[in-house]
Number of protein chains: 2
Amino acid sequence: MDGTPPAESDPRVERLVNELIGRVADKWTMLILELLEEKGTLRFTEIGRQVEGISQKMLTQTLRQMERDGLATRTVHPVVPPRVDYALTPLGNSLSAAFCGVWIWAERHLAAVEEARARFDAL
Amino acid sequence: MDGTPPAESDPRVERLVNELIGRVADKWTMLILELLEEKGTLRFTEIGRQVEGISQKMLTQTLRQMERDGLATRTVHPVVPPRVDYALTPLGNSLSAAFCGVWIWAERHLAAVEEARARFDAL
DNA sequence: CGGCATCCTCCTGGATACTG
DNA sequence: CAGTATCCAGGAGGATGCCG
(Lines give C-alpha, C1' and ligand atoms only; values in the text may rest on other atoms or scores of the structure.)
Protein backbone atom coordinates (compact mmCIF):
# COMPACT_ATOMS: atom_id res chain seq x y z
CA MET A 1 0.00 0.00 0.00
CA ASP A 2 2.41 2.71 -1.11
CA GLY A 3 -0.20 4.39 -3.24
CA THR A 4 1.77 3.80 -6.38
CA PRO A 5 -0.44 2.34 -9.09
CA PRO A 6 1.03 -0.45 -11.19
CA ALA A 7 2.12 2.11 -13.83
CA GLU A 8 0.80 0.03 -16.71
CA SER A 9 3.18 -0.26 -19.64
CA ASP A 10 1.02 -1.57 -22.49
CA PRO A 11 -1.58 1.09 -23.36
CA ARG A 12 -3.98 -1.55 -24.70
CA VAL A 13 -3.96 -3.46 -21.45
CA GLU A 14 -4.25 -0.20 -19.53
CA ARG A 15 -7.37 0.63 -21.49
CA LEU A 16 -8.90 -2.78 -20.78
CA VAL A 17 -8.10 -2.47 -17.10
CA ASN A 18 -9.73 0.95 -16.98
CA GLU A 19 -12.82 -0.36 -18.70
CA LEU A 20 -13.01 -3.28 -16.32
CA ILE A 21 -12.75 -1.00 -13.31
CA GLY A 22 -15.37 1.28 -14.78
CA ARG A 23 -17.64 -1.70 -15.09
CA VAL A 24 -17.24 -3.19 -11.63
CA ALA A 25 -16.98 0.13 -9.81
CA ASP A 26 -20.64 0.63 -10.62
CA LYS A 27 -22.81 1.68 -7.69
CA TRP A 28 -25.26 -1.23 -7.80
CA THR A 29 -22.56 -3.79 -8.49
CA MET A 30 -20.66 -2.70 -5.42
CA LEU A 31 -23.74 -2.80 -3.21
CA ILE A 32 -24.82 -6.25 -4.41
CA LEU A 33 -21.26 -7.49 -4.13
CA GLU A 34 -21.12 -6.36 -0.53
CA LEU A 35 -24.55 -7.82 0.24
CA LEU A 36 -23.78 -11.25 -1.20
CA GLU A 37 -20.40 -11.24 0.49
CA GLU A 38 -22.11 -10.75 3.82
CA LYS A 39 -25.19 -12.91 3.36
CA GLY A 40 -23.84 -15.72 1.19
CA THR A 41 -26.70 -16.90 -1.02
CA LEU A 42 -29.82 -14.86 -1.75
CA ARG A 43 -32.71 -15.06 -4.16
CA PHE A 44 -33.72 -12.38 -6.62
CA THR A 45 -36.40 -10.71 -4.56
CA GLU A 46 -34.33 -10.83 -1.39
CA ILE A 47 -31.58 -8.82 -3.04
CA GLY A 48 -34.14 -6.38 -4.40
CA ARG A 49 -35.50 -5.83 -0.93
CA GLN A 50 -32.13 -5.35 0.73
CA VAL A 51 -30.54 -3.06 -1.83
CA GLU A 52 -32.13 0.26 -1.07
CA GLY A 53 -33.66 2.03 -4.05
CA ILE A 54 -32.73 -0.36 -6.82
CA SER A 55 -35.29 -0.87 -9.57
CA GLN A 56 -36.11 -4.33 -10.87
CA LYS A 57 -34.56 -3.41 -14.18
CA MET A 58 -31.22 -2.44 -12.68
CA LEU A 59 -31.27 -5.47 -10.42
CA THR A 60 -31.71 -7.85 -13.34
CA GLN A 61 -29.20 -5.97 -15.44
CA THR A 62 -26.55 -5.82 -12.73
CA LEU A 63 -26.93 -9.45 -11.73
CA ARG A 64 -26.70 -10.52 -15.36
CA GLN A 65 -23.53 -8.50 -15.79
CA MET A 66 -22.01 -9.92 -12.64
CA GLU A 67 -22.84 -13.41 -13.85
CA ARG A 68 -21.32 -12.69 -17.23
CA ASP A 69 -18.16 -11.31 -15.67
CA GLY A 70 -17.80 -14.43 -13.55
CA LEU A 71 -18.44 -12.59 -10.28
CA ALA A 72 -21.64 -14.37 -9.32
CA THR A 73 -23.48 -17.60 -10.01
CA ARG A 74 -27.15 -17.87 -10.92
CA THR A 75 -28.93 -21.05 -9.93
CA VAL A 76 -32.42 -21.74 -11.21
CA HIS A 77 -34.53 -24.20 -9.21
CA PRO A 78 -37.21 -25.82 -11.38
CA VAL A 79 -40.01 -25.43 -8.88
CA VAL A 80 -43.31 -23.59 -8.74
CA PRO A 81 -43.16 -20.78 -7.95
CA PRO A 82 -39.77 -20.33 -9.60
CA ARG A 83 -36.75 -19.77 -7.38
CA VAL A 84 -33.41 -18.33 -8.44
CA ASP A 85 -30.42 -18.14 -6.13
CA TYR A 86 -27.46 -15.85 -6.45
CA ALA A 87 -24.05 -16.21 -4.80
CA LEU A 88 -20.55 -14.90 -5.28
CA THR A 89 -17.86 -16.87 -7.05
CA PRO A 90 -14.29 -16.89 -5.71
CA LEU A 91 -13.59 -14.16 -8.27
CA GLY A 92 -16.44 -12.12 -6.84
CA ASN A 93 -15.11 -12.65 -3.35
CA SER A 94 -11.67 -11.44 -4.36
CA LEU A 95 -13.15 -8.29 -5.89
CA SER A 96 -15.12 -7.67 -2.74
CA ALA A 97 -11.89 -7.94 -0.79
CA ALA A 98 -10.17 -5.48 -3.13
CA PHE A 99 -12.97 -2.96 -2.67
CA CYS A 100 -12.66 -3.27 1.06
CA GLY A 101 -9.80 -0.75 1.09
CA VAL A 102 -11.88 1.86 -0.73
CA TRP A 103 -14.81 1.27 1.58
CA ILE A 104 -12.64 1.76 4.62
CA TRP A 105 -11.14 4.88 3.07
CA ALA A 106 -14.59 6.36 2.45
CA GLU A 107 -15.69 5.58 5.97
CA ARG A 108 -12.58 6.98 7.58
CA HIS A 109 -12.35 10.14 5.52
CA LEU A 110 -16.02 10.96 5.05
CA ALA A 111 -15.82 13.72 7.62
CA ALA A 112 -12.64 15.15 6.07
CA VAL A 113 -14.28 15.29 2.66
CA GLU A 114 -17.40 16.96 3.98
CA GLU A 115 -15.23 19.45 5.80
CA ALA A 116 -13.30 20.19 2.63
CA ARG A 117 -16.55 20.70 0.76
CA ALA A 118 -17.90 23.06 3.39
CA ARG A 119 -14.69 25.07 3.23
CA PHE A 120 -14.78 25.16 -0.56
CA ASP A 121 -18.43 26.15 -0.72
CA ALA A 122 -17.91 28.92 1.83
CA LEU A 123 -15.89 30.95 -0.69
CA MET B 1 -8.17 -7.83 3.76
CA ASP B 2 -10.67 -10.55 4.63
CA GLY B 3 -13.19 -9.31 2.11
CA THR B 4 -15.66 -8.41 4.81
CA PRO B 5 -16.97 -4.90 4.36
CA PRO B 6 -17.34 -2.78 7.49
CA ALA B 7 -21.02 -3.78 7.76
CA GLU B 8 -22.16 -0.21 8.36
CA SER B 9 -24.63 0.14 11.18
CA ASP B 10 -26.11 3.62 10.71
CA PRO B 11 -28.09 3.66 7.45
CA ARG B 12 -27.55 7.41 7.08
CA VAL B 13 -23.79 7.06 7.25
CA GLU B 14 -23.97 4.06 4.95
CA ARG B 15 -25.79 6.17 2.40
CA LEU B 16 -23.22 8.95 2.63
CA VAL B 17 -20.39 6.48 2.26
CA ASN B 18 -22.03 4.98 -0.82
CA GLU B 19 -22.50 8.41 -2.33
CA LEU B 20 -18.90 9.30 -1.63
CA ILE B 21 -17.65 6.13 -3.26
CA GLY B 22 -19.91 6.73 -6.22
CA ARG B 23 -18.37 10.13 -6.56
CA VAL B 24 -14.70 9.23 -6.33
CA ALA B 25 -15.01 5.94 -8.20
CA ASP B 26 -15.68 8.02 -11.31
CA LYS B 27 -13.63 7.05 -14.35
CA TRP B 28 -11.95 10.41 -14.91
CA THR B 29 -11.32 10.99 -11.23
CA MET B 30 -9.50 7.69 -10.94
CA LEU B 31 -7.37 8.36 -14.00
CA ILE B 32 -6.40 11.88 -12.89
CA LEU B 33 -5.77 10.63 -9.39
CA GLU B 34 -3.39 8.02 -10.72
CA LEU B 35 -1.69 10.50 -13.03
CA LEU B 36 -1.07 13.10 -10.32
CA GLU B 37 0.07 10.40 -7.94
CA GLU B 38 2.72 9.38 -10.42
CA LYS B 39 3.75 12.75 -11.80
CA GLY B 40 3.38 14.97 -8.76
CA THR B 41 2.40 18.43 -10.02
CA LEU B 42 0.92 19.13 -13.45
CA ARG B 43 -0.74 22.03 -15.19
CA PHE B 44 -4.21 21.97 -16.70
CA THR B 45 -3.19 21.32 -20.28
CA GLU B 46 -0.64 18.69 -19.28
CA ILE B 47 -3.34 16.64 -17.59
CA GLY B 48 -5.60 17.08 -20.59
CA ARG B 49 -2.91 15.72 -22.86
CA GLN B 50 -2.06 12.73 -20.70
CA VAL B 51 -5.57 11.58 -19.87
CA GLU B 52 -6.63 9.85 -23.06
CA GLY B 53 -9.96 10.97 -24.46
CA ILE B 54 -11.03 13.46 -21.80
CA SER B 55 -12.84 16.58 -23.00
CA GLN B 56 -11.99 20.00 -21.63
CA LYS B 57 -15.37 20.16 -19.98
CA MET B 58 -14.91 16.92 -18.08
CA LEU B 59 -11.37 17.87 -17.17
CA THR B 60 -12.45 21.15 -15.62
CA GLN B 61 -15.42 19.52 -13.94
CA THR B 62 -13.44 16.64 -12.51
CA LEU B 63 -10.59 18.80 -11.25
CA ARG B 64 -13.05 21.18 -9.64
CA GLN B 65 -14.76 18.30 -7.89
CA MET B 66 -11.47 16.88 -6.70
CA GLU B 67 -10.52 20.27 -5.37
CA ARG B 68 -13.86 20.63 -3.62
CA ASP B 69 -13.55 17.19 -2.07
CA GLY B 70 -10.09 18.07 -0.75
CA LEU B 71 -8.33 15.56 -2.99
CA ALA B 72 -6.29 18.03 -5.01
CA THR B 73 -4.96 21.56 -4.77
CA ARG B 74 -5.31 24.20 -7.46
CA THR B 75 -2.59 26.83 -7.62
CA VAL B 76 -3.01 29.85 -9.87
CA HIS B 77 0.18 31.67 -10.88
CA PRO B 78 -0.53 35.31 -11.73
CA VAL B 79 1.59 35.36 -14.87
CA VAL B 80 0.95 35.91 -18.56
CA PRO B 81 0.01 33.54 -20.04
CA PRO B 82 -1.86 32.16 -17.03
CA ARG B 83 -0.54 29.01 -15.40
CA VAL B 84 -2.49 26.72 -13.08
CA ASP B 85 -0.90 23.81 -11.25
CA TYR B 86 -2.66 20.80 -9.83
CA ALA B 87 -1.32 18.38 -7.22
CA LEU B 88 -2.73 15.80 -4.83
CA THR B 89 -3.33 16.53 -1.18
CA PRO B 90 -2.50 13.92 1.48
CA LEU B 91 -6.17 12.96 1.34
CA GLY B 92 -5.86 12.45 -2.40
CA ASN B 93 -2.78 10.34 -1.88
CA SER B 94 -4.57 8.15 0.63
CA LEU B 95 -7.45 7.59 -1.79
CA SER B 96 -5.00 6.68 -4.51
CA ALA B 97 -3.50 4.13 -2.14
CA ALA B 98 -6.93 2.70 -1.36
CA PHE B 99 -7.70 2.29 -5.05
CA CYS B 100 -4.44 0.49 -5.54
CA GLY B 101 -6.01 -2.79 -4.42
CA VAL B 102 -8.79 -2.53 -6.99
CA TRP B 103 -6.30 -1.66 -9.69
CA ILE B 104 -4.20 -4.68 -8.89
CA TRP B 105 -7.32 -6.85 -8.80
CA ALA B 106 -8.37 -5.67 -12.27
CA GLU B 107 -4.91 -6.26 -13.64
CA ARG B 108 -4.58 -9.72 -12.14
CA HIS B 109 -8.06 -10.94 -13.01
CA LEU B 110 -8.60 -9.27 -16.36
CA ALA B 111 -7.98 -12.53 -18.20
CA ALA B 112 -10.31 -14.46 -15.89
CA VAL B 113 -13.11 -11.96 -16.49
CA GLU B 114 -12.67 -12.06 -20.25
CA GLU B 115 -12.69 -15.83 -20.11
CA ALA B 116 -15.90 -15.80 -18.09
CA ARG B 117 -17.48 -13.44 -20.60
CA ALA B 118 -16.47 -15.61 -23.52
CA ARG B 119 -17.95 -18.65 -21.80
CA PHE B 120 -21.16 -16.76 -21.00
CA ASP B 121 -21.54 -15.39 -24.49
CA ALA B 122 -20.97 -18.80 -26.05
CA LEU B 123 -24.33 -20.01 -24.75
C1' DC C 1 -3.63 29.33 -21.20
C1' DG C 2 -7.37 28.03 -18.59
C1' DG C 3 -11.45 28.36 -18.20
C1' DC C 4 -17.09 29.30 -18.41
C1' DA C 5 -21.52 29.29 -21.10
C1' DT C 6 -24.42 27.35 -24.46
C1' DC C 7 -26.40 23.93 -27.25
C1' DC C 8 -27.43 19.43 -28.45
C1' DT C 9 -27.25 14.40 -28.36
C1' DC C 10 -27.11 9.98 -26.41
C1' DC C 11 -27.69 6.76 -22.90
C1' DT C 12 -28.86 5.58 -18.32
C1' DG C 13 -32.21 4.23 -15.62
C1' DG C 14 -37.12 4.67 -13.59
C1' DA C 15 -42.16 3.47 -14.24
C1' DT C 16 -45.35 0.51 -16.11
C1' DA C 17 -47.34 -3.47 -18.13
C1' DC C 18 -47.10 -8.15 -19.65
C1' DT C 19 -45.30 -13.50 -19.54
C1' DG C 20 -43.61 -18.37 -18.11
C1' DC D 1 -41.47 -15.36 -8.40
C1' DA D 2 -38.43 -13.84 -11.71
C1' DG D 3 -38.04 -11.94 -15.22
C1' DT D 4 -38.77 -9.38 -20.40
C1' DA D 5 -40.48 -5.45 -23.16
C1' DT D 6 -41.72 -0.74 -23.92
C1' DC D 7 -41.85 3.98 -23.15
C1' DC D 8 -40.00 8.18 -21.53
C1' DA D 9 -37.61 11.92 -18.64
C1' DG D 10 -33.22 13.59 -16.94
C1' DG D 11 -28.55 13.95 -16.71
C1' DA D 12 -23.87 12.94 -18.61
C1' DG D 13 -20.96 14.50 -21.61
C1' DG D 14 -19.15 16.17 -26.42
C1' DA D 15 -18.69 20.36 -29.63
C1' DT D 16 -18.37 24.99 -30.20
C1' DG D 17 -17.58 29.77 -29.14
C1' DC D 18 -16.32 33.57 -26.08
C1' DC D 19 -13.54 35.85 -22.02
C1' DG D 20 -9.61 37.32 -18.58
Over all atoms of both residues, closest heavy-atom pair of B:G101 and A:A98: O-CB, 3.7 Å
Distance test, side-chain N/O of A:Y86 to OP1/OP2 of D:dG3, below 4.0 Å: yes
Contacts of type salt bridge (charged side-chain N to carboxylate O under 4.0 Å, His left out), residue B:R64, not counting sequence neighbours: B:E67
Any B:L63 side-chain heavy atom under 4.5 Å of B:R74 side chain: no
Whole-Å distance separating the CG atom of A:L59 from the P atom of C:dA15: 14 Å
Distance, rounded to the nearest Å, where A:R64 contributes CZ and C:dG13 contributes P: 17 Å
Flag if over 12 foreign heavy atoms under 6.0 Å of CZ, A:R117: yes
B:I32 vs B:I54 side-chain heavy atoms within contact, under 4.5 Å: yes
Salt bridge (Lys or Arg N to Asp or Glu O under 4.0 Å) contacts touching residues 44-58 of chain A (sequence neighbours left out): A:E46-A:R49
All pairs passing ring pair (Phe, Tyr, Trp, His ring centres under 6.0 Å) where residues 104-123 of chain A contributes a residue, at least two apart: A:W105-A:H109
Residues within residues 41-52 of chain A bordering DNA chain D, heavy-atom distance below 4.0 Å: A:R43, A:F44, A:T45
Interatomic distance where NZ belongs to A:K27 and P belongs to D:dG11 [whole Å]: 14 Å
Selection: residues 74-84 of chain B, any non-hydrogen atom under 4.0 Å of DNA chain C: B:R74, B:P81, B:P82, B:V84
Any donor-acceptor N/O pair under 3.5 Å between C:dG3 base and B:Q56 side chain: yes
Pairwise N/O distances under 3.5 Å, protein to nucleotides 12-14 of chain D:
from   : atom 1 : to    : atom 2 : distance (Å)
D:dG13 : N7     : B:K57 : NZ     : 2.9
D:dG14 : OP2    : B:S55 : OG     : 2.6
D:dG14 : O6     : B:K57 : NZ     : 2.5

B:R83 and B:D85 ion-paired at < 4.0 Å: yes
Intermediate values then yes/no, side-chain contact (heavy atoms from CB on, under 4.5 Å), B:M66 and B:V24: CA-CA 8 Å; B:M66 290 175 68; B:V24 298; over 6 Å; no
Side-chain heavy-atom pair A:L35, A:Y86 within 4.5 angstrom cut-off: no
Minimal non-hydrogen separation, A:D69 against A:R23, with atom names: OD2-CG, 3.7 Å
